[in-house]
Amino acid sequence: MNCTEELLQQCQMLIQRAQSVCVLTGAGVSKASGIPTFRDKDGLWNSMRPEELASMDGFLRNPELVWEWYTSRKLVLTKVNPNAAHEALVRLENSNKDFVLITQNVDGLHARAGNKRILELHGNIERSFCVECHIFYNDVFFDKIKRILPKCIACGGRVRPDVVWFGEMLPQDVLDQAINAAQRCDIFLSIGTSALVYPAAELPYYVSRSDATLIEINPERTSLSGSVDYYLQGHAEVILPRLCPDR
Ligand code: NAD
Ligand code: ZN
């Protein structure tokens, strides 16, 4: 099924009538803001090796390389803004009493756009923490010229970005809240995610109300596409404003 006008209207009506809305977003939602995804043809993993950059082993082996990569991603964030997809999700939250936005993105753009009920499954790149004493820090950068690694002011321990790396567990309380939101919603929207990273990819399968509707928005089909009620093929920044119009 392609994304026809008729499908869009049906989904818009279902969303308007919904009592409880749960949204899962991935890197595709931020692409129009200028942040590359990981797995597209021009994505980040094409030039980098994930296990070198996003794992504790990689960090211990080469913390300078890891910090250089995260610092460059953080600098990108200072130059970009939320796009029409983020803005539409703010309208959706404002028009629904029971709304939860689960995101795999670490860019903080949903919060910057104005969403409030956000569950960040994979952390937030703006935050860092000390691996020894777990104090949190904001605005930690690696100085490329002086090559001084960020250190904990309290204990001198290594400071790392507060993102979930390969082989690490997701924060359990956040995951529990996400599962709960999926179980009670009557509309679940999966937007801009390749549906490959677990356990996030499992969330749509927790939707358990018999009257619930599963909608996916993605320009490419994913492993989820065959299981949804509506697959809306296209870009989030184009389709979402039509589903959640500004009135
Ligand atoms: P992914 O890179 O695996 O997949 C991106 C998906 O977005 C693809 O299915 C692609 O077809 C789709 N897409 C591309 N352009 C789109 C658009 N304009 N509108 C809608 N969809 C579009 O990303 P993922 O599924 O989020 O998983 C990647 C992991 O990488 C996550 O764990 C996440 O934490 C991390 N990540 C985060 C960011 C970010 O914070 N912005 C960026 C890259 C990766
Ligand atoms: Zn410390």
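Numbering of ligands and ligand atoms starts at 1, following listing order.
Of all atoms in ligand 1, listed by their number and element, those nearer than 4.0 Å to a heavy atom of S30 are 41 (N). Applying the 4.0 Å criterion to heavy atoms of K31 picks out, from ligand 1, the atoms 14 (C), 15 (N). Under a 4.0 Å criterion applied to the non-hydrogen atoms of G26, ligand 1 contributes the atoms 26 (O). Within ligand 1, counting atoms from 1 as listed, the ones closer than 4.0 Å to a heavy atom of P219 are 13 (N), 16 (C), 20 (C), 21 (N), 22 (C). Proximity to V197 (heavy-atom distance under 4.0 Å) selects the following atoms of ligand 1: 27 (O). Per-residue contacts place I35 under 4.0 angstrom from the following atoms of ligand 1 (heavy atoms of the residue considered): 41 (N). Near E237, meaning under 4.0 Å from any of its heavy atoms, are these atoms of ligand 1: 17 (C), 18 (N), 19 (N). Each of the atoms 17 (C), 19 (N), 20 (C) of ligand 1 lies under 4.0 Å from some heavy atom of A236.
Checked by atom type, the side-chain pair S20/D186 shows no donor-acceptor distance below 3.5 Å.
For the Zn ion (ligand 2), the N/O/S atoms of C152 include one lying under 2.8 Å.
Applying side-chain hydrogen bond (donor to acceptor under 3.5 Å, both in side chains) to N124 and the options R127, E126, E120 leaves one that passes, E120.
Not a single N or O atom of G234, backbone or side chain, sits closer than 3.5 Å to an N or O atom of ligand 1. Some N or O of V106 is nearer than 3.5 Å to an N or O of ligand 1, by distance alone.
With sequence neighbours excluded, no residue forms a ring-ring contact (aromatic ring centres under 6.0 Å, His included) with F99.
Enclosure of atom CZ in R242 is not indicated, since only 12 or fewer non-hydrogen atoms of other residues, nucleotides or ligands lie within 6.0 angstrom.
The structure places OH of Y205 at 8.0 Å from CG of L214, a figure rounded to the nearest 0.5 Å.
Listed for the D229 side chain is no donor-acceptor partner under 3.5 Å among the backbone atoms of I215.
Here the shortest heavy-atom pairing between L240 and I191 reads CD1-CD1, 3.8 Å.
Of the listed residues (E120, R73, E216, H122), the one carrying the non-hydrogen atom nearest atom 31 (C) of ligand 1 is H122. For atom 11 (O) of ligand 1, the choice among I239, N218, I217 with the nearest heavy atom turns out to be N218. Checking Q233, E220, R221, Q104 against atom 34 (O) of ligand 1, the nearest heavy atom belongs to Q104. Nearest to atom 39 (C) of ligand 1 by heavy atom, out of T103, D107, N83, is D107.
With respect to the salt-bridge test (charged N to carboxylate O, under 4.0 angstrom), the residues K74 and E68 do not qualify.
Looking at T193 against ligand 1, both its backbone and its side chain come within 4.0 Å, counting heavy atoms. Contacts with ligand 1 closer than 4.0 Å are made by backbone heavy atoms (N, CA, C, O) of P36 only, the side chain lying farther away.
One hydrophobic cluster holds both V76 and W69 under the rule that ILVMFWY side chains link at heavy-atom gaps under 4.5 Å. In this structure, L119 is not a member of the same hydrophobic cluster as V90, with clusters built from ILVMFWY side-chain heavy atoms closer than 4.5 Å.
For C155 atom SG and C130 atom SG, the angle they make at the Zn ion (ligand 2) is roughly 100°, to 10 degrees.
Relative ring orientation between H134 and F129 is described as parallel, the plane-to-plane angle staying below 30° on a 0-90° scale split at 30° and 60°.
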